[in-house]
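Worksheet: the structure to be examined is printed underneath.
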Amino acid sequence: MSIDHIGCCGAYCRTCKPFNTGSCKGCRLGYDTGERDIIKAKCQMKVCCIGKGYTTCADCPEIGSCPMINEFYGKNGYKYGKYRQATEFIRENGYEEFLKIAENWTNAHGKYK
Ligand code: SF4
Ligand code: SF4
């Protein structure tokens with residue numbers, strides 16, 4: 001488990017099925033090594049977050065007023081609310097506490113104690 005496996009939006013790649021079956025490279029992995037080019041990334045939240053030098057959007061002081069991430073979190077679908085919850089959890093408790101909980105998940109999101 002590693003902080004690098006946490007997606008910019010709060011999805012947890014390490015326990016995400018597409019990541020584990022090899023159909024997704026993960027949100028943030030490979031950009032620091034030059035293996036992937038952030039300019040080519042489709043997800044604009046990721047482009048913004050990595051471009052600003054944040055680990056995830058949880059580090060961003062503008063998150064409350066960011067239309068991009070708030071529209072994403074407001075989308076129809078259970079997972080979007082769970083990604084918001086992950087980001088809020090990280091903002092309140094930090095990455096280490098998040099990783100302790102997320103390592104037991106079987107999806108890109110999961111339960112909190
Ligand atoms: S939706 Fe975007 S920010 Fe979220 S995990 Fe996927 S690429 Fe990363
Ligand atoms: S401005 Fe929005 S998308 Fe960009 S880092 Fe902040 S919260 Fe994330």
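Hydrogens, waters and symmetry mates are skipped; everything else that's a heavy atom, side chains included, is used. Start at 1 and go down the list; that is how both ligands and their atoms are numbered.
The distance cut-off of 2.8 Å around atom 2 (Fe) of ligand 1 captures these protein N, O or S atoms, sorted by chain and number: Cys43 SG.
Of all non-hydrogen atoms in Tyr83 and His109, the two that sit nearest each other are CE2-CD2, 3.9 Å.
Near Cys60, meaning under 4.0 Å from one of its heavy atoms, ligand 2 places the atoms 1 (S), 5 (S), 6 (Fe), 7 (S). Below 4.0 Å from some heavy atom of Cys48 lie the following atoms of ligand 2, by number and element: 1 (S), 3 (S), 4 (Fe), 5 (S). Near Cys66, meaning under 4.0 Å from any of its heavy atoms, are these atoms of ligand 2: 1 (S), 2 (Fe), 3 (S), 7 (S).
Here the shortest heavy-atom distance to atom 3 (S) of ligand 2, taken over Glu62, Lys52, Met68, belongs to Met68.
Atom CG of Leu99 is separated from atom CG of Asn104 by 11.5 Å, given to the nearest 0.5 angstrom. If you take CD1 on Ile6 and OG1 on Thr55, they are separated by 8.0 Å, rounding to the nearest 0.5 Å.
Taking the centre of each ring, Phe19 and Trp105 stay at or above the 6.0 Å mark.
Contact annotation for atom 7 (S) of ligand 1: protein present (non-hydrogen atoms, distance under 4.0 Å).
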Quiz prompt | side-chain hydrogen bond (donor to acceptor under 3.5 Å, both in side chains) assessment of Tyr95 paired with Asp59 | solution = CA-CA 10 Å; Tyr95 289 109; Asp59 301 338; 2.8 Å; yes
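Under the 30°/60° scheme for interplanar angles, the aromatic rings of Tyr12 and His5 are found to stand perpendicular.
Asp4 and Tyr31 form no side-chain donor-acceptor contact under 3.5 Å, judged by distance and modelled atom types alone.
For residues 38-77, the pairs satisfying ring pair (Phe, Tyr, Trp, His ring centres under 6.0 Å) are Phe72-Tyr80, with sequence neighbours left out.
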